[in-house]
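Start at 1 and go down the list; that is how both ligands and their atoms are numbered.
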Amino acid sequence: MTVSEMQNEILRLKKERDVCVLAHCYQSQSVLEVADYVGDSYGLSVQASKAPQKTVVMCGVRFMAETVKILSPEKTVYLANPMAGCPMAEQMDRDLIEGVKSQYPDHAVVCYINTTAALKTVCDVCVTSSSAVKIIRKLENPNILFVPDKNLGDYVQKQVPEKHLMLLQGGCPTHASVGEKETLLQKDRHPNALLLVHPECRPEVVALADFVGSTSAIMDFAEHSDAKEFLIGTEMSIAEHLQFKCPEKRFIPLSKKLLCTNMKCTTLPDVLAAVRGEAEPIELPPDVLMGARRCIDRMIELG
Ligand code: 13P
Ligand code: SF4
């Protein structure tokens, strides 16, 4: 089968079997082309509750498929490649957070959506990179334990100085791989380029940026900007997708280290197998479904 024959077979089966394919923007171009919806983590979680189909295939990482299951427990949800996990989501578990909570009972617990469903059950609200500032500003409690991403936490703290954020040592290994020196070198090489970065990047890289935002916000900014050249400080697929969208502009990945192998392990054959139902559906215990739902519902309500 060629790439386009496989894509056509996926499109045919989606209709026949009433399947919705959701894809995170970090997926490869061939996967994005067969998706019903492409977005960042926030967009995907909102879309998950709206999709009318009975089956959802998530092309992304495990916590994203869990979010779909939590919001639509009646649906059959497949993670297109079951090995795609987010390393940051695995860094902290429920026991660790319960331990910290017991030492700081006056803190509200806010988790990034990049966490397991089990961890969400012990948090008050979750946030995505595009909704974190807005939601944390709205919380009544001035003291917040924010997990797991300390870079995103640092960014939020600077935007919301009236709150006190307690941060732990977690983060995205992909975004945190780029340092200040490499960023300055790239800025020197491309003096006319605007630097757009994700808040999962290190604070010293964020400090050099012309724009900071979630994946979708970066894409939106680049598409609508009058500038012609951009250094893209997030997973490198975004530079490629932007190049397809705006061929008259130039998009340069900030670093070749900005590659998430978990996001990239989903292939078109994985999507075909999942659309055929040849995959293991996501299952979560009822107490986890309920506890995590409360946390995600609060995010949608506040965000
Ligand atoms: P957003 O989708 O919120 O931009 O987050 C990026 C990311 O790393 C997802 O895993
Ligand atoms: Fe996780 Fe980072 Fe990959 Fe996103 S880019 S899935 S946060 S490791």
Glu200, any N or O under 3.5 Å of ligand 1 N or O:
yes
From the list Val160, Leu145, Val156, side chain to side chain contact (heavy atoms under 4.5 Å, CB included) partner of Leu165 resolves to Val156
- Backbone or side chain, does any N or O of Asp40 fall under 3.5 Å from an N or O of ligand 1? no
State, yes or no, whether a side-chain contact exists between Val133 and Arg137 at a heavy-atom distance under 4.5 Å. yes
Under 4.0 Å between a Lys/Arg side-chain N and an Asp/Glu carboxylate O for Lys69 and Glu66?
no
Requested in this report: Tell me, please, if Cys86 has any N/O/S atom, main chain or side chain, under 2.8 Å from atom 1 (Fe) of ligand 2?
Outcome: yes
A student checking ligand 1 against Tyr112 at a 4.0 Å heavy-atom cut-off should list atoms 5 (O)
Check: Within a radius of less than 6.0 Å around NZ of Lys134, do more than 12 heavy atoms belonging to other residues, nucleotides or ligands occur?
Finding: no
The answer for which part of Glu235 has a heavy atom under 4.0 Å from ligand 1 is neither
Of all heavy-atom pairs linking Val34 and Val21, the shortest is O-CB, 4.0 Å
So, regarding His24 and ligand 1 (criterion: nitrogen or oxygen to nitrogen or oxygen, under 3.5 Å), is there a contact or not? yes
So for Ile113 against ligand 1, with non-hydrogen atoms under 4.0 Å, the contacting part is neither
min-distance protein heavy atom vs atom 3 (Fe) of ligand 2 -> Cys260 SG, 2.4 Å
Legend entry - Stepwise side chain to side chain contact (heavy atoms under 4.5 Å, CB included) check, Thr55 with Lys75: CA-CA 6 Å; Thr55 303; Lys75 288 184 185 168; over 6 Å; no
Original post:
For ligand 2, is there an atom lying under 4.0 Å from some heavy atom of Asn262?
Top reply: no
For Met263, the atoms of ligand 1 under 4.0 Å from one of its heavy atoms are 10 (O)
Next item on the list: Answer yes if the side chains of Ser214 and His198 hold a donor-acceptor pair under 3.5 Å, and no otherwise.
Entry: no
**Prompt:** If you measure every N/O of Ser41 against every N/O of ligand 1, is any gap under 3.5 Å?
**Reply:** yes
dist His24:NE2 -> Ser216:OG (nearest 0.5 Å) comes out at 7.0 Å
among protein heavy atoms, the one nearest atom 10 (O) of ligand 1 is Asn114 ND2, 3.3 Å
Going by an N to O cut-off under 4.0 Å, is there a salt bridge joining Glu74 and Lys54? no
In ligand 2, the atoms that come under 4.0 Å of a heavy atom of Met88 are 7 (S)
- Query: Would you say Thr215 has any N or O atom under 3.5 Å from an N or O of ligand 1, going by distance alone?
  - Reply: yes
among protein heavy atoms, the one nearest atom 5 (O) of ligand 1 is His198 NE2, 3.4 Å
Quick note on ligand 1: atoms under 4.0 Å from a heavy atom of Ser214 include exactly 4 (O)
Residues Lys264, Glu235: salt bridge by 4.0 Å N-O rule
yes
The atoms of ligand 2 lying under 4.0 Å from a heavy atom of Tyr26, numbered in the order shown, are 5 (S)
Would Cys172 count as a contact for atom 2 (Fe) of ligand 2, in the sense that one of its N, O or S atoms lies under 2.8 Å from it? yes
(Q) Measuring from non-hydrogen atoms of Glu200 to any atom of ligand 2, is the shortest distance under 4.0 Å? (A) yes
Quiz item: Salt bridge between Lys245 and Glu223, side-chain N to carboxylate O under 4.0 Å?
Solution: yes
For this session: Quick one: sort the Phe230 and Phe221 rings into parallel, tilted or perpendicular, breaks at 30° and 60°.
Result: perpendicular
To the nearest 0.5 Å, atom CE of Met92 lies from atom CG of Asp149 at 9.0 Å
If you scan protein heavy atoms around atom 3 (O) of ligand 1, the nearest is Ser129 OG, 2.6 Å
Fill in: Common cluster, Val205/Leu194, ILVMFWY with side-chain heavy-atom separation under 4.5 Å
yes
Ligand 2 to Asn114, heavy atom cutoff 4.0 Å, flagged ligand atoms 7 (S)
Quick note on ligand 2: atoms under 4.0 Å from a heavy atom of Pro87 include exactly 8 (S)
Short version for Glu235: what comes under 4.0 Å of ligand 2, heavy atoms counted, is neither
